[in-house]
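Order of listing sets the numbers, starting from 1, for every ligand and every atom in it.
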Amino acid sequence: MASFNSVAVIGAGAYGSALACAAVRAGRDVVLYARSAENAAQIQTTRRNPKLPGVSLDVGIGVTADIVAAAQADIILLATPAQNLREAATTLAPHLEPATPVVACAKGIERGTHRFMTEVIAETIPGAIPAILSGPNFADDLARGLPTAVTLAARDERLASDLVQALGSATFRPYHTTDVRGVEIGGAAKNVLAIAAGIVVGRQLGASALAALTTRGFSELARLGRACGARSETLAGLSGLGDLILSCSSLQSRNFAFGIALGRGEAPNRDKLAEGEFTAPVLIELAASQNVDMPVSNAVAAILSGKVTIDAAIEGLLTRPFKAEE
Ligand SMILES: NC(=O)C1=CN([C@@H]2O[C@H](COP(=O)(O)OP(=O)(O)OC[C@H]3O[C@@H](n4cnc5c(N)ncnc54)[C@H](O)[C@@H]3O)[C@@H](O)[C@H]2O)C=CC1
Ligand SMILES: O=C(CO)COP(=O)(O)O
């Protein structure tokens, strides 16, 4: 078994801070990297991160703005927003030892290039070993040590298993897989579908409609996943169905809350990251390129781009021709 003693988390937002807490709990030496020296110093001194209110960060977490120091860790966790992952990986690249595992913890697909997160890592840090961690876990729950479980994928099963051993603890249970693509598609698509679920709630369409939307949402997530070579068990696992259920049902989800605001006709809170807003256009481009029908995601993208009203999108979905369930 590879011995991984130290972990660097790149991106000192809500999730990066929570992952740092989890890694300390797993017994690792942990450094949390913030882009701005001022931000790093503030978190280091106060043990608080305004992005994760109410959580006190363990004194074992070293907070730094020194990318060279962060790059010395045995495992790198990239916890920036998906659209910033290339920038973060590029900054890190010159300082990394070859064959360092670099684990994407962002949920999304890169706009413009259609690249998945592990593909961005492979392009920007050719010597690294890309991996992905995704699943139903809110930063707040993770940071507080509430029980959570996620999926961690790397092409090499042994490495995926070693990473799980290094990061897992009694309250944070990663499951390993080699189905990298399956894990990244689930995390990206669920955010778009959570916006749709929020719209259903915001428009007060009822609990039955929410269950139908979530289920049909899973159907299209799985269709795209299979078209991209993902395994069905991954799509129905923690990083797919599991995260979809969480994000389509909990007010803690920023994507769900974003959708609720839209459904109510209110302006969403743009101070909070709702990845689905950025993923929606690229998700439907990817689906179109694979000839995969994703009506719910298409509706979300059309609403966000102002091409249709919410009421017209709902009517469009409800008046599609009846068909066999698949
Ligand atoms: N917050 C949550 O509950 C969870 C979030 N995630 C995923 O984690 C990713 C990050 O989300 P949050 O932490 O919630 O967002 P956030 O908005 O709280 O934090 C993002 C952080 O990334 C930093 N950042 C941006 N570009 C950077 C760069 N080039 N180098 C270094 N740092 C950079 C920002 O300064 C900010 O501190 C998203 O893809 C999200 O879907 C996944 C699971 C749970
Ligand atoms: O990915 C998450 C939980 O698994 C966090 O969801 P939101 O980004 O919608 O808050």
Side-chain angles (χ1 to χ4, degrees), residues 8-22 32-40 42-43 49-53 55 63-67 70-71 76-93 103-110 116-117 120 124 132-144 146 148-152 172 174 183-184 186-198 238-260 268-279:
V9 185
I10 309 299
Y15 197 45
S17 302
L19 285 165
C21 295
L32 176 63
Y33 167 81
R35 276 188 297 189
S36 118
E38 194 187 344
N39 193 19
Q42 195 202 12
I43 300 172
N49 185 342
K51 294 243 183 202
L52 199 52
V55 171
V63 191
T64 183
D66 181 350
I67 195 69
I76 306 289
L77 304 181
L78 291 183
T80 68
Q83 306 308 324
N84 297 64
L85 192 124
R86 182 178 293 274
E87 181 191 20
T90 304
T91 307
L92 190 65
V103 186
C105 303
K107 296 175 180 174
I109 304 168
E110 193 176 53
F116 290 97
M117 296 296 100
V120 174
T124 47
I132 176 116
L133 183 157
S134 192
N137 66 138
F138 288 124
D140 192 66
D141 296 347
L142 181 63
R144 290 175 195 278
L146 299 178
T148 56
V150 298
T151 310
L152 196 161
F172 180 58
V183 173
E184 36 202 0
K190 72 87 188 172
N191 282 333
V192 179
L193 298 165
I195 292 178
L238 289 161
S239 57
L241 182 59
D243 212 357
L244 182 71
I245 291 172
L246 181 72
S247 303
C248 289
S249 65
S250 171
L251 293 172
Q252 269 175 273
S253 163
R254 296 162 300 181
N255 288 283
F256 189 58
F258 183 99
I260 291 176
N269 177 0
R270 286 211 155 70
D271 292 341
K272 294 202 170 178
L273 175 71
E275 286 280 29
E277 183 184 11
F278 306 102
T279 305

*Contact atoms of ligand 1, heavy-atom distance to Ala12 under 4.0 Å*: 37 (O)

_Closest to atom 8 (O) of ligand 2 (judged by heavy-atom distance), picking from Arg254, Lys107, Lys190_ = Arg254

*Select one of side chain, backbone, both or neither to describe which atoms of Glu275 lie under 4.0 Å from any atom of ligand 2, heavy atoms only.*
neither

*Run the numbers for me: atoms of ligand 1, each under 4.0 Å from some heavy atom of Phe138, listed by number.*
3 (O)

*What about Asn191: any of its N or O atoms under 3.5 Å from an N or O on ligand 1?*
no

*Between Arg86, Arg35, Gln252, Lys272, flag the one that comes closest to atom 28 (C) of ligand 1 by a heavy atom.*
Arg35

_Subset of ligand 2 atoms that lie under 4.0 Å from at least one heavy atom of Phe138_ = 3 (C), 5 (C), 6 (O)

*When you measure from the side chain of Arg254 to the backbone N and O of Leu273, does any donor-acceptor pair fall under 3.5 Å?*
yes

*Heavy-atom check, side chain of Leu92 versus side chain of Leu78, under 4.5 Å*: yes

*asked:* If I compare all heavy atoms of Gly187 with all of Ser134, which pair ends up nearest, and what's the gap?
replied: CA-OG, 3.8 Å

_I need the contact type for Asn255 against ligand 2. Using non-hydrogen atoms and a strict under-4.0 Å cut-off, is it side chain, backbone, both or neither?_
both

*What residue and heavy atom of the protein are closest to atom 4 (O) of ligand 2, and at what distance?*
Asp243 OD1, 2.7 Å

*Does ligand 2 have an atom that lies less than 4.0 angstrom from a heavy atom of Gly135?*
yes

*Side chain of Asn255, backbone of Ser253: donor and acceptor closer than 3.5 Å?*
no

*At a 4.0 Å cut-off, with the gap strictly under it, does some heavy atom of Cys105 reach an atom of ligand 1?*
yes

*Check if Arg254 has a non-hydrogen atom at a distance under 4.0 Å from any atom of ligand 1.*
yes

*Give the residue and atom name of whichever protein heavy atom lies nearest to atom 6 (N) of ligand 1, and the separation in Å to one decimal.*
Tyr15 CD2, 3.5 Å

*Evaluate the side-chain contact (heavy atoms from CB on, under 4.5 Å) criterion for residues Leu146 and Asn137: first the C-alpha distance (whole Å), next the side-chain angles of each, then the deciding distance (0.1 Å), finally the verdict.*
CA-CA 9 Å; Leu146 299 178; Asn137 66 138; over 6 Å; no

_I'd like to know whether Phe138 forms a side-chain contact (heavy atoms from CB on, under 4.5 Å) with Leu246, so could you lay out the CA-CA distance, the side-chain angles of the two residues, the decisive distance to 0.1 Å, and finally the verdict._
CA-CA 9 Å; Phe138 288 124; Leu246 181 72; 3.5 Å; yes

_Sub-4.0 Å atoms of ligand 1 with respect to non-hydrogen atoms of Ala88_ = 28 (C), 29 (N), 30 (N)

*atom 38 (C) of ligand 1: which of Met117, Glu275, Lys51 has the nearest heavy atom?*
Glu275

*Nearest heavy-atom pair of Leu142 and Thr148: which atoms, and what distance?*
CD1-OG1, 3.6 Å

_Considering both backbone and side-chain atoms of Glu87, is one of its nitrogen or oxygen atoms within less than 3.5 Å of a nitrogen or oxygen in ligand 1?_
yes

*Do you know the tightest heavy-atom contact between Leu85 and Ala104?*
CD1-CB, 4.2 Å

*In ligand 1, which numbered atoms sit nearer than 4.0 Å to a non-hydrogen atom of Ala79?*
10 (C)

_Suppose we measure from atom 15 (O) of ligand 1 to each protein heavy atom; which comes out shortest, and what is that distance?_
Leu273 CD2, 3.5 Å

*Numbering as shown, the atoms of ligand 2 that approach Leu246 to under 4.0 Å (heavy-atom distance)*: 3 (C), 4 (O)

*May I ask you to decide if Gly186's main-chain N or O and Asp243's side chain share a donor-acceptor pair within less than 3.5 Å?*
no

_Under 3.5 Å: donor-acceptor pair, side chain of Glu184, backbone of Leu133_ = no

*asked:* Check whether Glu275 reaches the backbone of Ala82 with its side chain - one donor and one acceptor, N or O, closer than 3.5 Å.
replied: yes

*Return a yes/no value for Pro136: is any of its N or O atoms, backbone included, closer than 3.5 angstrom to an N or O of ligand 2?*
no

_Would you say that Asp141 contacts Gln252 through its side chain, given a criterion of any heavy-atom pair below 4.5 Å between the two side chains?_
yes

_Ligand-residue contact atoms, ligand 1 with Gly11, heavy atoms, under 4.0 Å_ = 32 (N)

*Measure Ser253 to ligand 2 on non-hydrogen atoms and call it side chain, backbone, both or neither using the 4.0 Å cut-off.*
both

_Quick test: of every protein heavy atom, which one is nearest to atom 18 (O) of ligand 1, and how far off is it to 0.1 Å?_
Ala14 N, 2.9 Å

*Determine yes or no for a side-chain-to-main-chain donor-acceptor pair under 3.5 angstrom, with Lys107 supplying the side chain and Ala189 the backbone.*
no

_From CA spacing to verdict: side-chain contact (heavy atoms from CB on, under 4.5 Å), Leu238, Val150_ = CA-CA 6 Å; Leu238 289 161; Val150 298; 5.7 Å; no

*State, with a plain yes or no, whether a side-chain heavy atom of Cys105 is found less than 4.5 Å away from one of Leu19.*
yes

*Check ligand 1 against Lys107 and write out every atom of the ligand that is under 4.0 Å from a heavy-atom position of the residue.*
39 (O), 41 (O), 42 (C), 43 (C)

*Under 4.0 Å from any heavy atom of Ala106, which atoms of ligand 1 are there?*
39 (O)

*asked:* Closer than 4.0 Å to some heavy atom of Ala139 - which atoms of ligand 1 meet that?
replied: 1 (N), 2 (C), 3 (O)

